[in-house]
Amino acid sequence: MGDTGAMERCAFPAAVLLLSLVLMGATAFEVEIKDDKNATCIYAKLSVNITVQYETNTSSSKNITFPVPSDVTTNGSSCGSDGKAPLLVINFGNSQSWSLNFTRNNSTYSGSALIFTYNTNDTILFPDALRKGLISSTAMFLGPVPLNSTYKCISREVVVSENVTQIIYDVKLEAFMANGTLGKEIICDADKPSPVPSPTQPSTTASTAIPAPTSKPLDKPTMGNYTVSDASGICLLASMGLQINTSLLSEGKNIWRPFNIDPLGIKTNGTCTNQTGTLILTENRTIIEFTFALKNKNHFYLEEVNITLINGSAFSSRQNQNLSTWEASVDSSYMCHKEQQIKVSEDLFINAFDVRVQPFGVNNGTFATAEECFADSDLSFLIPIAVGAVLVFLIILVLVSYLIGRRKSRTGYESV
């Protein structure tokens with residue numbers, strides 16, 4: 001089979017469930033890639049929402065989120081040939097592209113590389129980007145699927161790569177099609193019904209829905225250990241327990257709903273540069289992104305936190321880009337055992353427990369000497385003492401002023 005043309009068919013925008021913030025409407029694209037005999041070899045219909053983090057010309061970072069539209073082209077796609085793997089290329093917007101390579105063995109096919117290329121010369125999406133041009137980010141998508149079968153998955157899958165997070169859902173896809181027709185549908189595990197636990201066997205299946213409001217206090221979250229690596233090895237270390245607190249409007253009242261982040265279900269990603277370090281934690285319903293920056297070249301601090309909450313195909317994002325916390329020397333790590341609360345937005349907070357982070361200067365994959373937060377220091381007990389001393393001083397000052405004023409009044413009467 002040789003290079004192909006393509007027949008594209010527009011799909012109607014998919015309905016998007018809204019959370020507490022205004023969400024970006026998602027769309028689906030549907031394409032068929034044909035061989036030189038006009039037989040379909042690749043069929044794809046899916047929805048993709050993409051978030052790109054980029055550096056601005058003011059040396060800060062910014063996130064932009066957008067969907068792959070229904071109006072796409074497939075130039076560059078191929079059914080493959082001897083020594084050349086099939087390739088699905090989706091082109092849209094101003095030189096943006098989403099491409100997926102396929103491989104196969106005697107019984108299955110799978111995706112070998114998912115490459116998203118974005119154009120920071122696009123002044124609509126990236127008006128203040130520091131780096132200009134085409135930038136590609138590679139991830140893995142689509143596990144083994146039996147040959148002559150169609151992969152179908154309504155549930156969303158979060159795919160994280162360098163500076164790019166994709167939410168992929170409503171997927172119907174087949175490569176290496178026989179006779180140009182779709183095969184039997186294979187349903188992804190996330191769409192299969194969860195087994196009903198017996199009375200003596202509690203369910204161990206992780207819920208993908210946002211938990212319901214609860215007034216009961218949660219246990220302290222489990223500690224997670226996270227690393228980010230680059231070509232030189234581990235470049236960022238983090239250890240902490242995380243709890244998300246967000247509010248829902250229920251019967252006219254704001255109800256705060258906490259839930260813990262389970263480190264066992266976390267996928268870790270991120271980037272390291274000379275100026276910033278980024279830690280991205282992804283699980284079924286939440287994406288947490290911490291961005292660290294340098295201050296005066298010899299101190300680091302937590303500059304930004306982004307939170308994405310996912311519920312089915314809908315998602316909402318909150319962020320705080322003006323933080324100045326978790327500060328320590330570049331050649332040290334930051335440590336704080338006390339619970340710390342970070343305000344991300346008016347309706348979302350992160351509670352962090354037993355924090356230790358080092359986004360710069362990691363050697364041999366181990367933490368450097370820790371600089372403790374003030375809350376952990378032995379001097380923290382001085383705060384209530386100092387407050388008490390100030391109050392006593394004020395009381396004495398008021399009392400002395402009263403006595404002096406009263407004495408002056410009495411002296412005035414005597415002179416009269």
Side-chain angles (χ1 to χ4, degrees), residues 1-11 13-14 26-52 64-104 109-122 124-126 133-145 147 150-153 157-178 180 182:
M1 296 182 184
D3 289 343
T4 70
M7 180 177 71
E8 297 96 16
R9 293 178 294 181
C10 293
T27 57
F29 62 84
E30 183 179 14
V31 297
E32 293 182 30
I33 308 304
K34 294 180 177 291
D35 61 21
D36 51 7
K37 297 180 181 178
N38 205 36
T40 302
C41 64
I42 302 174
Y43 172 84
K45 180 181 180 182
L46 60 151
S47 296
V48 183
N49 283 326
I50 300 172
T51 298
V52 176
I64 178 69
T65 300
F66 52 90
V68 176
S70 58
D71 184 14
V72 299
T73 65
T74 56
N75 298 332
S77 298
S78 171
C79 288
S81 59
D82 293 338
K84 185 177 181 181
L87 174 63
L88 172 64
V89 180
I90 303 299
N91 304 291
F92 63 95
N94 185 353
S95 300
Q96 327 284 350
S97 68
W98 186 96
S99 65
L100 181 62
N101 290 80
F102 297 93
T103 59
R104 59 170 289 177
Y109 68 92
S110 59
S112 61
L114 171 58
I115 303 174
F116 175 62
T117 300
Y118 52 101
N119 181 15
T120 54
N121 285 318
D122 186 335
I124 296 177
L125 293 178
F126 309 99
L134 297 177
I135 303 174
S136 295
S137 186
T138 302
M140 299 298 295
F141 173 69
L142 190 63
V145 180
L147 287 172
T150 303
Y151 174 78
K152 184 176 181 180
C153 195
E157 179 176 349
V158 179
V159 178
V160 179
S161 57
E162 184 176 4
N163 296 327
V164 175
T165 300
Q166 303 182 52
I167 300 177
I168 304 174
Y169 58 99
D170 285 345
V171 178
K172 187 175 182 180
L173 187 151
E174 183 173 348
F176 301 99
M177 292 172 61
L182 292 172

What's the separation between atom [atom1] in [X] and atom [atom2] in [Y], rounded to the nearest 0.5 Å?
X	Y	atom1	atom2	answer
Met140	Ser161	CE	OG	12.0 Å
Glu32	Cys41	CD	SG	10.0 Å
Cys153	Ile168	SG	CD1	10.0 Å
Ser97	Asn75	OG	CG	11.0 Å

Is there a donor-acceptor pair closer than 3.5 Å between any side-chain N or O of [X] and the backbone N or O of [Y]?
X	Y	result
Thr40	Ile42	no
Thr138	Ile115	no
Ser137	Glu162	yes
Thr74	Leu88	no
Asn119	Asn94	yes

So which atom in [X] and which in [Y] form the shortest heavy-atom distance, rounded to 0.1 Å?
X	Y	result
Met177	Leu182	CE-N, 3.6 Å
Thr150	Lys172	CG2-CG, 3.7 Å
Val159	Ala139	CG1-CB, 3.4 Å
Asp71	Phe92	O-CB, 4.3 Å

Inset, instruction - Hey, can you tell me if Phe29 and Trp98 have their rings parallel, tilted or perpendicular (30° and 60° cut-offs)? - result: perpendicular
Inset, instruction - Fit a plane to each ring of Tyr109 and Phe176, take the angle between them on a 0 to 90° scale, and name the class: parallel (under 30°), tilted (30 to 60°) or perpendicular (over 60°). - result: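 Taking Phe176 first and then Tyr109, their aromatic rings sit tilted (interplane angle of 30° to 60°).
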Legend entry - Listed partners of Ser136 passing side-chain hydrogen bond (donor to acceptor under 3.5 Å, both in side chains), at least two apart: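 Partners of Ser136 by the side-chain hydrogen bond (donor to acceptor under 3.5 Å, both in side chains) criterion, ordered by chain and then number, come out as Thr117.
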Legend entry - Contacts of type side chain to side chain contact (heavy atoms under 4.5 Å, CB included), residue Leu125, not counting sequence neighbours: Ile64, Phe66, Gln96, Asp122
Legend entry - Candidates Val31, Val89, Thr27, Asn91 - the one meeting side-chain contact (heavy atoms from CB on, under 4.5 Å) with Val72: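 Among Val31, Val89, Thr27, Asn91, the one meeting side-chain contact (heavy atoms from CB on, under 4.5 Å) with Val72 is Val31.
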Inset, instruction - Check whether any side-chain heavy atom of Leu87 sits under 4.5 Å from a side-chain heavy atom of Ser77, and report yes or no. - result: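 No - every pair of side-chain heavy atoms lies 4.5 Å or more apart.
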Legend entry - Test side chain to side chain contact (heavy atoms under 4.5 Å, CB included) applied to Asn163 and Tyr118, step by step: CA-CA 11 Å; Asn163 296 327; Tyr118 52 101; 4.1 Å; yes
Inset, instruction - Check the pair Val48, Phe116 against side chain to side chain contact (heavy atoms under 4.5 Å, CB included), reporting the backbone distance first and the verdict last. - result: CA-CA 11 Å; Val48 183; Phe116 175 62; over 6 Å; no
Legend entry - side-chain hydrogen bond (donor to acceptor under 3.5 Å, both in side chains), paired with Thr65, selected from Thr165, Thr51, Asn49: Thr51
Inset, instruction - Walk me through it: do Leu46 and Asp170 pass the test side chain to side chain contact (heavy atoms under 4.5 Å, CB included)? - result: CA-CA 5 Å; Leu46 60 151; Asp170 285 345; 6.0 Å; no
Inset, instruction - Please lay out, stage by stage, how Val171 and Glu157 fare under the test side chain to side chain contact (heavy atoms under 4.5 Å, CB included). - result: CA-CA 10 Å; Val171 178; Glu157 179 176 349; over 6 Å; no
